[in-house]
Trainee: 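Here it is: the structure, laid out below.
In what follows, every chain begins at residue 1, and chains take the letters A, B, ... in the order their sequences are listed.
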Number of protein chains: 2
Amino acid sequence: MPEKLPPSVDTVDTTYLESLTGYNAQRAALKVIAIFLDRMAVYGFRPVDFSVISLITHNPGITSRQLCAALDILPPNLVAMIDTLERRELIVRKPHPRDGRAFGLHLTTTGKKLMRDAEITASELESHATQRLSATERKSLHRLLQKIYL
Amino acid sequence: MPEKLPPSVDTVDTTYLESLTGYNAQRAALKVIAIFLDRMAVYGFRPVDFSVISLITHNPGITSRQLCAALDILPPNLVAMIDTLERRELIVRKPHPRDGRAFGLHLTTTGKKLMRDAEITASELESHATQRLSATERKSLHRLLQKIYL
DNA sequence: TATTGTTATACTCTATAACTATA
DNA sequence: TATAGTTATAGAGTATAACAATA
């Protein structure tokens, strides 16, 4: 009686993993992030840097603590990012009007100029990454994702 | 003339970031992963371990290289995961029937038993993480995410 | 007593180069 | 010559503990 050979796999069946929300969200996020890294490298922004400076852009005077809470970043990990943005003269710290412990963060003129370009690039890469989605589908996708994390 | 005080932020405006697909996908993924880590810790599985052993479960005889391609993992980073699963006696390596360089990966009886429980837990945490979504919405979400990364 | 910002540091995850055995 | 699996290691990302200054 011949030994039974162990089976080998022709095409990998991924249907089970593709039924899991975390798997799908993570794979899609990594795909968009890869495009982001490529196109935003010219600005010296990783996704987290862009999130930080974007919140400063739309919330002049925001504090480190507020950034941490909004982006779910730990305070020690934000310090180096803020330092780098300040050394690049894209942002400045101003004393907080009512809390002597805190600093308010603001864009410089250079920062404002750079962010105008960066947000255009972000919008373009967004379109590219989601090119197989209609505008309605993209809106719907955002709403469904926000139902999970907000 | 009094010095103008810098503005401070009351509630953080995150609408711009929430218009970006990568941001939404990443935030949702991290939320689901946090729930995953909590509930799957009893099995000793991180998300990537579960993805690996799940593909072995549904693809008996799959090779390391096929796992790397399917999950977008680099070969050096897979080695320790496979070693750990083998040392836990959840999987075994068998010689590949047609390629002397490769091994086919298979669940042991112990592995099969554990995976039955683990997939039930995964299904439960999936429901919990997406409890604000209807079955239709979850299906729709998966389809939209797959349009991005597949 | 609690909070903001910070330093130092440990831990995990991801990436690159190079080797061996076989195709 | 190319590929599967592996080793060693570097780099990036994420986490905890503890401190000074201010609320």
Trainee: Whole angstroms only, please: what is the CG-P distance between B:Asp72 and C:dC13?
Mentor: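 So the CG-P distance, B:Asp72 to C:dC13, works out to 17 Å.
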
Trainee: Tell me the interatomic distance from A:Leu67, atom CG, to C:dT4, atom C1', rounded to whole angstroms.
Mentor: 13 Å

Trainee: Can you tell me the distance, in whole Å, between the CG atom of A:Leu71 and the C1' atom of D:dG13?
Mentor: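 Atom CG in A:Leu71 sits about 15 Å away from atom C1' in D:dG13.
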
Trainee: Examine B:Phe50 together with B:Phe36 and report whether their ring centres are nearer than 6.0 Å.
Mentor: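 Centroid distance B:Phe50-B:Phe36: below 6.0 Å, so yes.
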
Trainee: Between the protein and nucleotides 5-11 of chain C, which nitrogen or oxygen pairs are less than 3.5 angstrom apart?
Mentor:
| unit_1 | atom_1 | unit_2 | atom_2 | d |
| --- | --- | --- | --- | --- |
| C:dG5 | OP1 | A:Phe103 | N | 3.3 |
| C:dG5 | OP2 | A:Arg65 | N | 2.7 |
| C:dT6 | OP1 | A:Arg93 | NH1 | 2.7 |
| C:dT6 | OP2 | A:Arg93 | NH1 | 3.4 |

Trainee: Could you tell me how far apart B:Met81 (CE) and C:dT14 (P) are, to the nearest whole angstrom?
Mentor: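 Nearest whole value for this atom pair: 7 Å.
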
Trainee: When you measure from the side chain of A:Thr63 to the backbone of A:Ala102, do you find a donor-acceptor pair of N or O atoms at a distance under 3.5 Å?
Mentor: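 Looks like no, no N/O pair under 3.5 Å.
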
Trainee: Could you walk me through whether A:Glu137 and A:His142 pass the side chain to side chain donor-acceptor pair (under 3.5 Å) test, one step at a time?
Mentor: CA-CA 9 Å; A:Glu137 284 178 322; A:His142 294 177; over 6 Å; no

Trainee: Answer yes or no: are there more than 12 heavy-atom neighbours, outside B:Glu89 itself, under 6.0 Å from its atom CD?
Mentor: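 It does not: B:Glu89 CD has 12 such atoms or fewer within range.
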
Trainee: Kindly state each residue pair satisfying salt bridge (Lys or Arg N to Asp or Glu O under 4.0 Å) with at least one member in residues 9-19 of chain B, sequence neighbours excluded.
Mentor: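 Found none.
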
Trainee: Can you measure B:Leu74 atom CG to D:dA4 atom C1' for me and round it to whole angstrom units?
Mentor: 14 Å

Trainee: When you check the gap from the basic side-chain N to the acidic O, do B:Asp83 and B:Arg93 get nearer than 4.0 Å?
Mentor: yes

Trainee: At their closest point, which heavy atom of B:Thr130 faces which heavy atom of A:Ile148, and how far apart are they?
Mentor: CG2-CD1, 4.1 Å

Trainee: Is the backbone N or O of B:Ile73 less than 3.5 Å from a side-chain atom of B:Asn77, with the two atoms forming a donor-acceptor pair by type?
Mentor: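 Such a contact is absent between B:Asn77 side chain and B:Ile73 backbone.
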
Trainee: Quickly work out the A:Ile73 CD1 to C:dT4 P distance and round it to whole Å.
Mentor: 16 Å

Trainee: So if I take residues 31-58 of chain A and measure heavy-atom distances to DNA chain C, which residues fall below 4.0 Å?
Mentor: none

Trainee: Rounded to the nearest angstrom, tell me the gap between atom CG in B:Leu30 and atom P in C:dC13.
Mentor: 13 Å

